[in-house]
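Everything on this sheet refers to the single structure shown next.
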Amino acid sequence: VQLQASGGGLVQPGGSLRLSCAASGRTIGEYAIGWFRQDPGKERAFVAAISWSGSRTEYADSVKGRFTISRDNAKNTVNLRMNNLKPDDTALYLCAASTRLGGLADFYDYWGKGTQVTVSS
């Protein structure tokens, strides 16, 4: 499966963005999907994940209550709604696919190119 993240941009603190992860090659409904973020020179950090059916979700403590992950298998997409953004949320955001749900990057077999999110006034 090939993944492509989109929707990043420059936003002021307190603002919102919605990221999308679109799949091609295979149906996204076969996989759990995770969002990670990465700063230059640092390891990828878990943000959120959703099971293949959408019935289970997991979030990093730093984004709980502000970010919401959802999926539309009919449209082959997974979305990440990000509210009340903070400067610390600035990073390259990547989506990834796995056969199991979890927050470890090693769980994920397929990675898309990321989309940059910059939170700054």
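Note that the coordinates shown come from a computational prediction; the quantities given were computed from them, not determined experimentally.
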Worksheet item: How close do I28 and R71 get, heavy atom to heavy atom, and via which atoms?
Response: O-NH2, 2.6 Å
Worksheet item: When you look at Y31 and Y110, which way does the ring pair (Phe, Tyr, Trp, His ring centres under 6.0 Å) test go after all the steps?
Response: CA-CA 10 Å; Y31 301 95; Y110 305 98; 5.8 Å; yes
Discussion item. A cation-pi test, strictly: NZ or CZ of R100 under 6.0 Å from the centre of the six-membered ring of F107 and no more than 45 degrees from its axis. Yes or no?
Written reply: yes
Worksheet item: Should V47 and Y93 count as side-chain neighbours, where that means a heavy-atom distance under 4.5 Å?
Response: yes
Fill in: Flag, side chain of Y108 to backbone of W35, donor-acceptor distance under 3.5 Å
no
Discussion item. Between D72 and T77, do the side chains contain a donor N or O and an acceptor N or O under 3.5 Å apart?
Written reply: no
Item to complete: Before giving the answer on side chain to side chain donor-acceptor pair (under 3.5 Å), spell out for N79 and R81 the whole-Å C-alpha distance, their side-chain angles and the decisive distance to 0.1 Å.
Response: CA-CA 6 Å; N79 297 314; R81 177 69 178 179; over 6 Å; no
Worksheet item: Are S53 and S55 linked by a side-chain donor-acceptor pair shorter than 3.5 Å?
Response: yes
Worksheet item: For G102 and A49, which heavy atoms make the closest approach, and how far apart are they?
Response: O-CB, 4.0 Å
Practice prompt. Side-chain contact test, heavy atoms from C-beta onward, threshold under 4.5 Å: evaluate it for L80 versus T68 and give yes or no.
Written response: no
Practice prompt. Write down the atom of F36, the atom of W111, and the distance for their closest heavy-atom approach.
Written response: CD1-CH2, 3.6 Å
Item to complete: Specify the closest pair of heavy atoms between D89 and R66, including all atoms of both residues, with the distance to one decimal.
Response: OD2-NH1, 2.8 Å
Discussion item. For residues V119 and L94: do they belong to one hydrophobic cluster (side chain heavy atoms under 4.5 Å, members Ile, Leu, Val, Met, Phe, Trp, Tyr)?
Written reply: no
Worksheet item: Would you call D61 and K64 a salt bridge, taking side-chain N to carboxylate O under 4.0 Å as the test?
Response: yes
